[in-house]
Amino acid sequence: FDCTRGPSVADADRAAPELWIADAVTRECRPLLPGRGLNTLFENYSWLDDDTIVVCVIPSGREEAPTRPPTPRGPRVQSNGGGNVAQARTY
């Protein structure tokens, strides 16, 4: 199978994963839902029978993801009082 038409490696870290399907007879690969990324927070997909698949996809028209604040919310506090012994820097 030649399934090299997907996103390039450079774009793979920015694009949502897609579900592709391959036809064993024609030896062709194609995206099952072009432009609809998988919602990997839940299960990606599930086959109900030989011809039916259920897919969790990212909703179309969603807003951009919120950005992280430029500064941390507060100091990182660690304690070894709970039995978790870990060496911590003191400077």
Side-chain angles (χ1 to χ4, degrees):
F1 291 108
D2 181 16
C3 296
T4 59
R5 294 182 301 152
S8 68
V9 174
D11 292 334
D13 61 343
R14 293 179 290 188
E18 292 182 326
L19 183 63
W20 283 60
I21 192 164
D23 187 337
V25 175
T26 63
R27 300 175 58 125
E28 297 275 327
C29 298
R30 65 179 175 82
L32 190 59
L33 300 167
R36 300 293 304 265
L38 292 177
N39 185 348
T40 56
L41 185 60
F42 304 106
E43 289 189 34
N44 296 338
Y45 59 90
S46 179
W47 287 97
L48 298 180
D49 57 34
D50 289 344
D51 298 319
T52 309
I53 187 170
V54 176
V55 181
C56 294
V57 295
I58 297 172
S60 61
R62 72 178 178 149
E63 296 180 11
E64 290 293 320
T67 58
R68 287 189 172 172
T71 58
R73 295 181 184 204
R76 181 175 176 190
V77 178
Q78 294 180 329
S79 172
N80 64 358
N84 296 331
V85 178
Q87 187 175 4
R89 298 175 191 232
T90 57
Y91 57 90

Query raised in the report: Closest heavy-atom contact between Arg36 and Glu18?
Result: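 Smallest interatomic distance, heavy atoms only, reads O-CG, 4.4 Å.
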Contacts of [X] that satisfy side chain to side chain contact (heavy atoms under 4.5 Å, CB included) - sequence neighbours left out:
| X | value |
| --- | --- |
| Thr71 | none |
| Ile53 | Leu19, Leu32, Tyr45, Trp47, Val55 |
| Asp49 | Asp51, Thr52 |

